[in-house]
Amino acid sequence: MCADLSTKTFEVTDYDLSTTLESGQAFGWRKHGQGWVGVVDRRWVFLESSATTLRAETAGEVRDWSWLIHYLQLELDLGSIVATFPADPPMQQAVRACRGLRLLRQDPWETLASFILSSTKQITQIQQIVRLVCERFGAGVPTPPGHTPAYAFPAAEVLADLGEKQLRDCKMGFRAPYLLGAARAVAQGRLDLNALESMPTEAARTQLSALHGVGRKISDCVLLFAYGRQDAFPVDVWIMKMLREQYFPRRKVNLRRLQRFAATHFGPNAGYAQQYLFHYARSQISQRARDAS
DNA sequence: GCCCAGGTGAAGC
DNA sequence: GCTTCACATGGG
């Protein structure tokens, strides 16, 4: 499928596109030349950024770019968010190290499915699995001439009709029945993802956690990355290690305790703060690895 | 071979 | 309540 090209340039400040797309919140972006290729809202997109601009290309004629503005959260004033973070040393180090890191606003079903696939997997492997699922079961989307085929993340209705074996063949292992169960719950209307939008966070979290294979962490990822809930604070192994080392040194603190701490300590934009801490923790490790070699 | 990866649910205490 | 363990698969 080929189509014409539409381009648009946005003025931006403090928008680090690469860090944002690589920070483990979205798994469908692929580096292409100086930019990135992905699919947003069933549209093929190429993104490229400079210090003050973000240029987008997409297939077909586009007059209204609001879908992309929303996805990239281009109208968000990042400074006013970061200003609400606590002033303690670890948080401020993370802010300095991750300048321009943003939260995307992703499709709820794609986010839920992706994070079901994320448990005890490295980010590169999650990308691999998500890519396989898209290529095998996703709908093709129009691409500009000369580009390789692109696929949207498959709808819940599509995955719901598959067998567990077909999903396992995408290398997702024990997560296959979890994904299938979630797809069927959404396809059959037992879980209404649209309804979560207007629901208090705690109620939405309960709804998501009712799915087999979805607990507190995955629920919080969905609430944060798809719904923008700032009172969602996913605590994964990286955040756990970071919180223990930086805020509770030489003390035994369990997960429950860390969650309670996070819920009050990081302020009204705790979810955003979490992404800064997560990315900072991971970049520290890769920096140490580079220093060692 | 070993340990670990954006976890979760079940079983054990 | 809290802690421990199995669960697929691949990278370092």
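Keep in mind that the numbers below use all heavy atoms, side chains included, and drop hydrogens, waters and symmetry copies. First the proteins, then the strands, lettered A, B, ... as listed; each starts at 1.
- Residues forming a ring-ring contact (aromatic ring centres under 6.0 Å, His included) with H212(A) (at least two apart in sequence, or on another chain): Y178(A).
- When the C1' atom is compared between dC2(C) and dG6(B), the two are found 23 Å apart, to the nearest whole Å.
- More than 12 heavy atoms of other residues, nucleotides or ligands shown are found within 6.0 angstrom of CZ on R136(A).
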Legend entry - Contact state string [nucleotides 2-12 of chain C, B base, S sugar-phosphate only, - no protein heavy atom under 4.0 Å]: -S---BBBBS-
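- Across the protein-nucleic acid pair, F115(A) atom CZ and dA5(B) atom C1' stand 14 Å apart, rounded to whole Å.
- Of the residues in residues 236-244 of chain A, those lying under 4.0 Å from DNA chain B by heavy-atom distance are D236(A), V237(A), W238(A), I239(A), K241(A).
- Across I126(A) and L117(A), no two heavy atoms sit closer than the pair CG1-O, 4.3 Å.
- If you check every strand for non-hydrogen atoms under 4.0 Å, S23(A) touches a base.
- The two residues T148(A) and T143(A) come nearest to each other via the heavy atoms O-CG2, 3.7 Å.
- Residues P108(A) and Y227(A) approach most closely at CB-OH, 3.3 Å, considering heavy atoms.
- Take the nearest nucleotide of DNA chain B for Q25(A) and for L211(A): the residue whose nucleotide is more 5' is Q25(A).
- Rounding to the nearest 0.5 Å gives a distance of 10.0 Å between CD of E245(A) and CD of Q284(A).
- I116(A) comes within contact range of no nucleotide atom at all, as no heavy-atom separation falls under 4.0 Å.
- Put simply, CD on Q106(A) is 13 Å from C1' on dG6(B), counting in whole angstrom units.
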Legend entry - side chain to side chain contact (heavy atoms under 4.5 Å, CB included) between Y247(A) and L258(A), worked out: CA-CA 9 Å; Y247(A) 295 93; L258(A) 291 176; over 6 Å; no
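- Contact detail for L104(A) and Q73(A): the closest heavy-atom pair is C-CG, 4.4 Å.
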Could you write out each protein N or O paired with an N or O of nucleotides 11-13 of chain B at a distance under 3.5 Å?
none

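- Rounded to an integer number of Å, the gap from CZ of R216(A) to P of dG9(B) is 13 Å.
- Scored by the side chain to side chain contact (heavy atoms under 4.5 Å, CB included) test, E164(A) finds R168(A), A176(A), P177(A), L180(A) as partners (sequence neighbours excluded).
- Heavy atoms of Q127(A) sit nowhere under 4.0 angstrom from any nucleic acid atom.
- At a threshold of 4.0 angstrom between heavy atoms, the contacts of G24(A) include nucleobase atoms, whether or not backbone atoms are also involved.
- T201(A) and R229(A) are linked by a side-chain donor-acceptor pair at a separation below 3.5 angstrom, with hydrogens and angles left out of the test.
- Scored by the side-chain hydrogen bond (donor to acceptor under 3.5 Å, both in side chains) test, E61(A) finds R63(A) as partners (sequence neighbours excluded).
- Straight-line distance from the CD atom of Q274(A) to the C1' atom of dG6(B): 8 Å, rounded to whole Å.
- When the P atom is compared between dA8(C) and dA11(B), the two are found 16 Å apart, to the nearest whole Å.
- Under the 6.0 Å cut-off for aromatic ring centres, F115(A) and F27(A) qualify, their centroids lying closer than that.
- Between dA6(C) and dC2(B), the distance separating the two P atoms is 15 Å to the nearest Å.
- Note on F27(A): nothing from the nucleic acid sits closer than 4.0 angstrom, heavy atoms only.
- Counting non-hydrogen atoms under 4.0 angstrom, V214(A) reaches the backbone sugars and phosphates but no base.
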